[in-house]
Amino acid sequence: NAGKIDHLNTANYIQELKETPLLFFHSKIDLMVPYKDFQKIWKSTATSQKTAIITKNSHLTNHIKDKQVYAYIINEFFKNSYDEFKKVVR
């Protein structure tokens, strides 16, 4: 089965992204990825260029419930350097 993912461990994979700025959206009420699991992923990131947007929305609904805010943050993340992005989202 070429291309089949038998086991996906985000915490292990994300350690490899040492030079890549990362943007996370997460919710403390996420039932798919519990907050304690998100905290493990956050702590395992190797990059210092990381930002977490914690929302009140459930899993995979930020782009629906807060469409304009979500789109703005994503666009700014890709449009700017990481340092400029941090200034924009504060």
Side-chain angles (χ1 to χ4, degrees):
N1 290 336
K4 181 180 176 189
I5 298 175
D6 291 320
H7 182 72
L8 180 61
N9 185 327
T10 305
N12 288 342
Y13 172 74
I14 213 156
Q15 292 173 7
E16 302 297 320
L17 303 174
K18 296 178 175 121
E19 303 292 322
T20 305
L22 300 173
L23 174 62
F24 297 94
F25 283 85
H26 192 69
S27 172
K28 288 187 176 183
I29 63 167
D30 191 324
L31 299 177
M32 298 289 291
V33 181
Y35 191 68
K36 65 180 178 59
D37 290 343
F38 170 73
Q39 288 177 313
K40 289 178 192 174
I41 293 167
W42 178 261
K43 289 176 184 174
S44 70
T45 57
T47 183
S48 62
Q49 296 182 335
K50 58 185 179 181
T51 300
I53 308 294
I54 307 299
T55 72
K56 63 182 186 286
N57 300 324
S58 59
H59 191 76
L60 295 176
T61 61
N62 287 306
H63 68 290
I64 297 167
K65 291 186 176 182
D66 294 319
K67 187 179 289 191
Q68 291 177 327
V69 173
Y70 180 80
Y72 177 77
I73 291 170
I74 296 291
N75 287 332
E76 292 299 316
F77 182 76
F78 285 106
K79 182 171 76 173
N80 295 304
S81 69
Y82 183 74
D83 289 334
E84 286 299 313
F85 170 74
K86 285 192 318 186
K87 292 176 190 175
V88 168
V89 295
R90 286 185 188 209

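Worth knowing before you read on, the calculation uses all heavy atoms, side chains too, and leaves out hydrogens, waters and symmetry mates.
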Engineer: Quick one: side chains of residues 46-53, donor-acceptor pairs under 3.5 Å with protein atoms, not counting sequence neighbours, listed by atom name and distance.
Structural biologist:
residue, atom, partner, partner atom, Å
T47, OG1, Q49, N, 3.0
K50, NZ, W42, O, 2.9
K50, NZ, T45, OG1, 2.8
T51, OG1, Y82, OH, 2.7

Engineer: Going from CD on E76 to CD1 on I74, what distance comes out if it is rounded to the nearest 0.5 angstrom?
Structural biologist: 11.0 Å

Engineer: With the 4.5 Å side-chain cut-off for hydrophobic clustering, are I54 and I14 part of the same group?
Structural biologist: yes

Engineer: With a 3.5 Å cut-off and sequence neighbours excluded, list the donor-acceptor pairs that the side chains of residues 21-38 form with protein atoms.
Structural biologist:
residue, atom, partner, partner atom, Å
H26, NE2, V33, O, 3.2
S27, OG, I29, N, 3.0
S27, OG, T55, O, 3.2
S27, OG, N57, O, 2.8
D30, OD1, M32, N, 2.7
D30, OD1, V33, N, 2.9
D30, OD1, H59, ND1, 3.1
D30, OD2, H59, ND1, 2.7

Engineer: For I64, is there any backbone N or O sitting under 3.5 Å from a side-chain donor or acceptor partner on T61?
Structural biologist: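 Pair absent, no side-chain N/O of T61 close to backbone of I64.
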
